[in-house]
Amino acid sequence: MPRPYVILNAAMTLDGKIATSCGDSKISSEADLTRLHRLRAKMDAVMVGAGTILADNPSLTVRRVKGRNPIRVVVDGMARISTNAKILDHSARTIVAVSRAADKEKVERLRQTGAEIIISDGENIDLQWLLEELYRRGIRKLLLEGGSTLNWNMISQGLVDEIQVTVAPRIVGGAAAKTLVGGDGFCKVKNGVRLRLSKISRVGSDVLLVYRTAGAQRD
Ligand SMILES: NC(=O)c1ccc[n+]([C@@H]2O[C@H](COP(=O)([O-])OP(=O)(O)OC[C@H]3O[C@@H](n4cnc5c(N)ncnc54)[C@H](OP(=O)(O)O)[C@@H]3O)[C@@H](O)[C@H]2O)c1
């Protein structure tokens, strides 16, 4: 079964952090935010993990350029996001993916906000299966916007085709600060996900790096 073409987008500091140890994730420059909104407008859907919704409460819409809003998808195994989260407003369609382990009443409350609910068997959402479900709903191009845990789950399972990362000229440190990719990691560098650099450019004071993963699907 085919799945959407997946682009992971993130803004990180030179030391690889996508948020500070206090949770500040305002890393993108104005120029980079405009680039991100232009990219969003070209995508069928944008996907984030529950942790990003809880930390940042983003609306994930297109505001800085003219264009249509992508469908918003949240991977929220335990249905932890608030029913007041901005992604549940009615400015765009929203899909919340939960697992069977999630509290049924909470799931029902999320459904009542107008969100479409996708329920996965098991405690963890099978992300390959979820992407196939999204493809069945007409989603061909998906923008993955983090955070650290979902990025790891997607990348380590070979579900990311392209990475667009802007590097801001800042170093924030902090052992506990979230990095571009979290999770358990690989022990051996040789087992790490292999990437091919396809573009380097300047975006304001940031550097934009574009990579393709080795097994990338064609867009
Ligand atoms: N600078 C940037 O570009 C950027 C972009 C996005 C986010 N961020 C930052 O990243 C941080 C958030 O990262 P994070 O790692 O804490 O959270 P996250 O990756 O956004 O979300 C992780 C959560 O998503 C759910 N999830 C992920 N994969 C799942 C699966 N296969 N099955 C079921 N549930 C799954 C889990 O929720 P449950 O634990 O409830 O099961 C998991 O805890 C924030 O500080 C945010 O500001 C930065």
- Query: Between Arg140 and Tyr135, is NZ or CZ placed under 6.0 angstrom from the six-membered ring centre and within 45° of the ring axis?
  - Reply: yes
- Output yes when Glu133 and Arg137 qualify as a salt bridge under the 4.0 Å nitrogen-oxygen rule, no when they do not. yes
- Going through the checks in order, is the side-chain contact (heavy atoms from CB on, under 4.5 Å) test met by Leu134 and Ile118? CA-CA 10 Å; Leu134 297 176; Ile118 295 182; 4.2 Å; yes
Heavy-atom pair with the smallest gap, counting every atom of [X] and [Y]:
| X | Y | value |
| --- | --- | --- |
| Ser91 | Asn69 | O-ND2, 3.0 Å |
| Ala97 | Ile125 | O-CD1, 3.2 Å |
| Ala102 | Met78 | CB-C, 3.8 Å |

For [X] and [Y], does a side-chain donor sit closer than 3.5 Å to a side-chain acceptor?
| X | Y | value |
| --- | --- | --- |
| Tyr5 | Glu162 | yes |
| Asp32 | Thr166 | yes |
| Arg35 | Asn9 | yes |

- Listed once per pair and sorted, the side-chain hydrogen bond (donor to acceptor under 3.5 Å, both in side chains) pairs that draw on residues 48-57, sequence neighbours left out: Ser25-Asp56
- Item | side-chain hydrogen bond (donor to acceptor under 3.5 Å, both in side chains) contacts touching residues 11-21 (sequence neighbours left out) | Thr13-Asp15
- Sort out for me which residue in Glu132, Arg3, Met154 forms a side-chain contact (heavy atoms from CB on, under 4.5 Å) with Leu127. Met154
- Message: By the definition side-chain contact (heavy atoms from CB on, under 4.5 Å), identify the one residue from Val107, Thr113, Asp76 that meets it with Val96.
- Response: Asp76
- From the options Arg72, Arg68, Lys141, Arg93, select the one residue that forms a salt bridge (Lys or Arg N to Asp or Glu O under 4.0 Å) with Asp44. Arg68
- Message: Walk me through whether Leu197 and Leu195 qualify under side-chain contact (heavy atoms from CB on, under 4.5 Å).
- Response: CA-CA 6 Å; Leu197 183 63; Leu195 305 171; over 6 Å; no
- Starting from the C-alpha separation in whole Å, work towards a yes-or-no answer on side-chain contact (heavy atoms from CB on, under 4.5 Å) for Asn151 and Leu8. CA-CA 8 Å; Asn151 287 350; Leu8 186 163; 3.6 Å; yes
- Worked verdict on Leu54 versus Arg80 for side-chain contact (heavy atoms from CB on, under 4.5 Å): CA-CA 8 Å; Leu54 293 168; Arg80 283 193 300 145; 3.5 Å; yes
Count the heavy atoms of every other residue, nucleotide or ligand shown that sit under 6.0 Å from [atom1] of [X], and state whether that count exceeds 12.
| X | atom1 | value |
| --- | --- | --- |
| Ile200 | CD1 | no |
| Glu123 | CD | no |
| Arg136 | CZ | yes |

